[in-house]
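What's counted below: heavy atoms across the whole structure, side chains too, no hydrogens, waters or symmetry copies.
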Amino acid sequence: MICVAIANQKGGVGKTTTAINVVTAFAAAGWRTLLIDLDPQGNASTGLGVHTPDRLRSSYEVLVDEVSLSECAQPTSIPGLDLVPSTVDLSGAEVELVGVEGRVRRLRDAIARERAYDICFIDCPPSLGLLTLNALTAADTLLVPLQCEFFALEGLSQLLQTVDQVQKRFNPDLGILGIVLTMADKRNRLSDMVGDDVRASLGKLVFDVSIPRNVRLSEAPSHGLPALVYDQGCAGSRAYVALTREMMTRLPKRKIAA
Ligand SMILES: Nc1ncnc2c1ncn2[C@@H]1O[C@H](COP(=O)(O)OP(=O)(O)OP(=O)(O)O)[C@@H](O)[C@H]1O
Ligand SMILES: [Mg+2]
């Protein structure tokens with residue numbers, strides 16, 4: 001199983017939107033896919049139509065009680081896609097795990113025991129705390145959504161420093177799958193300039209496909225559906241399908257069959 005963390009400590013940059021739509025595209029392509037909602041906000045769970053009363057077991061139990069992923073995963077309305085939902089309990093996990101040895105490796109251990117999926121994605125919260133550290137320690141590779149706005153690059157260097165520390169201390173094999181520009185607006189010169197700037201400084205790390213600003217992408221979660229199901233033909237959905245294709249060419253081959 002390949003494990004992809006979707007992280008950026010900046011809030012509202014499109015992590016969850018990317019997670020929901022990319023997992024849907026992987027599942028549609030026949031991959032047995034798992035999404036782990038590792039954000040106490042639970043937006044990925046809500047966006048997939050799994051509301052609070054239906055969240056029977058959650059990522060909190062995986063981290064704090066060491067319950068297995070398969071016991072916490074539940075099917076979604078998308079064939080081939082399971083979800084480990086999150087609840088607000090997760091916001092206490094960091095404090096509850098203080099002083100617990102190996103707390104950074106909780107998720108990694110759970111994933112190492114899992115055999116039922118081809119690929120697993122982790123939707124991270126907007127911070128670089130214990131939850132995101134667990135995700136980076138568990139992941140084979142990292143996907144970074146980056147919003148096309150003025151301060152985009154500032155936060156990125158901090159994230160890349162964290163990746164460096166995780167590689168040194170917990171997960172030497174952590175790779176960077178790439179950076180995807182989100183909410184790109186062709187009619188907005190600033191958005192264009194930021195895009196060019198990011199590509200100039202980060203080169204091949206940046207995916208060719210960028211995700212346009214598209215109102216259908218922001219409407220879909222209120223219907224509990226991925227945009228890919230809500231409106232398959234909209235520009236945002238088409239971009240996420242193209243991004244998924246590009247991601248597939250970049251995934252670490254050695255892990256695909258494993
Ligand atoms: N390409 C897009 N076009 C228009 N709206 C978008 C797009 N991507 C995301 N949004 C909207 O922007 C808001 C933030 O997106 P999202 O929740 O995916 O970001 P996030 O990084 O997961 O946020 P958080 O850091 O709070 O978890 C949401 O309301 C979402 O619907
Ligand atoms: Mg989110």
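V144 and L160 fall within the same hydrophobic cluster, where Ile, Leu, Val, Met, Phe, Trp and Tyr residues are linked whenever their side-chain heavy atoms come under 4.5 Å apart, directly or through other members. When the side chains of ILVMFWY residues are joined at heavy-atom separations under 4.5 Å, either directly or via intervening members, V180 and V209 end up in a single hydrophobic cluster. Following chains of ILVMFWY side-chain contacts shorter than 4.5 Å, one cannot reach L35 starting from L56, and the two form parts of different hydrophobic clusters. Cluster annotation: V100 is connected to L130 through the hydrophobic network of ILVMFWY side chains, with a link wherever side-chain heavy atoms come within less than 4.5 Å. Under the 4.5 Å side-chain heavy-atom criterion for grouping Ile, Leu, Val, Met, Phe, Trp and Tyr, V215 is not connected to L228 through any hydrophobic cluster.
In this structure, D82 and P75 approach most closely via the heavy-atom pair OD1-CA, 3.4 Å. Among all heavy-atom pairs drawn from S201 and L153, the shortest one is OG-CD1, 3.9 Å. Taking both residues in full, the closest heavy atoms of T137 and R108 are given as O-NH1, 2.6 Å, listed atom of the first, atom of the second, then distance. Considering every non-hydrogen atom in both L174 and V166, the closest pair reads CD2-CG1, 4.1 Å. The minimum heavy-atom distance linking P145 with N8 is given by the pair O-ND2, 2.9 Å. The minimum heavy-atom distance linking V206 with R199 is given by the pair CG1-NH1, 3.5 Å.
Using modelled atom types, one side-chain atom of R32 and one backbone atom of A116 make a donor-acceptor pair closer than 3.5 Å. A donor-acceptor pair under 3.5 Å is absent between the side-chain atoms of D192 and the main chain of R187, judged by distance alone. A donor-acceptor pair under 3.5 Å is absent between the side-chain atoms of N43 and the main chain of T16, judged by distance alone. E96 places no side-chain N or O within donor-acceptor distance of the main-chain N or O of V64, the cut-off being under 3.5 Å. Under the 3.5 Å distance criterion, the side-chain polar atoms of S191 are matched with a main-chain donor or acceptor of D185. Between the side chain of S59 and the backbone N or O of I36, no donor-acceptor pair lies under 3.5 Å. Side chain of S91 to main chain of V88: a donor-acceptor pair is present (N/O by atom type, distance under 3.5 Å, no hydrogens or angles). Between the E114 side chain and the S70 main chain, a donor and an acceptor come within less than 3.5 Å of each other. R189 contributes no side-chain N or O that, together with a main-chain N or O of K186, makes up a donor-acceptor pair within less than 3.5 Å. Of the possible donor and acceptor atoms, none in the side chain of Q158 sits under 3.5 Å from a partner among the backbone N and O of G155.
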Practice item. I would like to know whether Q9 and T132 meet side chain to side chain contact (heavy atoms under 4.5 Å, CB included); could you show each step before the answer? Key: CA-CA 9 Å; Q9 78 280 13; T132 298; over 6 Å; no
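The closest side-chain heavy-atom distance from L107 to L63 is below 4.5 Å. Between D123 and V23 there is no side-chain heavy-atom pair separated by less than 4.5 Å. Using a 4.5 Å cut-off on side-chain heavy atoms (C-beta onward), R213 and C148 make no contact. Side-chain contact between L156 and L202: present, with at least one pair of heavy atoms (C-beta onward) separated by less than 4.5 Å. Residues P40 and L131 meet the side-chain proximity criterion, which asks for heavy atoms closer than 4.5 Å. Proximity of S77 to L48: side-chain heavy atoms (C-beta onward) are nowhere separated by under 4.5 Å. Contact annotation: the side chain of Q41 never approaches that of P125 to less than 4.5 Å [non-hydrogen atoms, C-beta and beyond]. Taking 4.5 Å as the limit, every side-chain heavy atom of K10 sits out of range of all side-chain heavy atoms of Q147.
Here CG of L90 is found 7.5 Å from CG of D39. Values are rounded to the nearest 0.5 Å. Distance CG/D140 to CD1/I2: 7.0 Å, rounded to 0.5 Å. Here L83 contributes atom CG and L34 contributes atom CG; the two are 7.5 Å apart, rounded to the nearest 0.5 Å. Note that CD1 of I6 and CG of L38 are 12.0 Å apart. Values are rounded to the nearest 0.5 Å. Note that CG of L159 is 6.0 Å distant from CG of L142, once rounded to the nearest 0.5 Å. Here the CE atom belonging to M247 is positioned 5.5 Å from the CZ atom belonging to F207, to the nearest 0.5 angstrom.
Under the side chain to side chain contact (heavy atoms under 4.5 Å, CB included) test applied with V4, the options I119, V22, I122 reduce to a single match, I119. Remark: of the listed residues T18, T24, N21, T18 is the sole one forming a side chain to side chain donor-acceptor pair (under 3.5 Å) with Y240.
The pair D109-R113 does not meet the salt-bridge criterion, since no charged nitrogen lies less than 4.0 angstrom from a carboxylate oxygen.
In this structure, F121 and F26 have tilted ring planes: the angle between them lies in the 30° to 60° band.
Within a 6.0 Å radius of CD in E71, other residues, nucleotides and ligands contribute more than 12 heavy atoms.
Side-chain contact, T46 with R55: a donor N or O sits under 3.5 Å from an acceptor N or O. For the residue pair Y117/T33, the side-chain donor-acceptor check at 3.5 Å is not satisfied.
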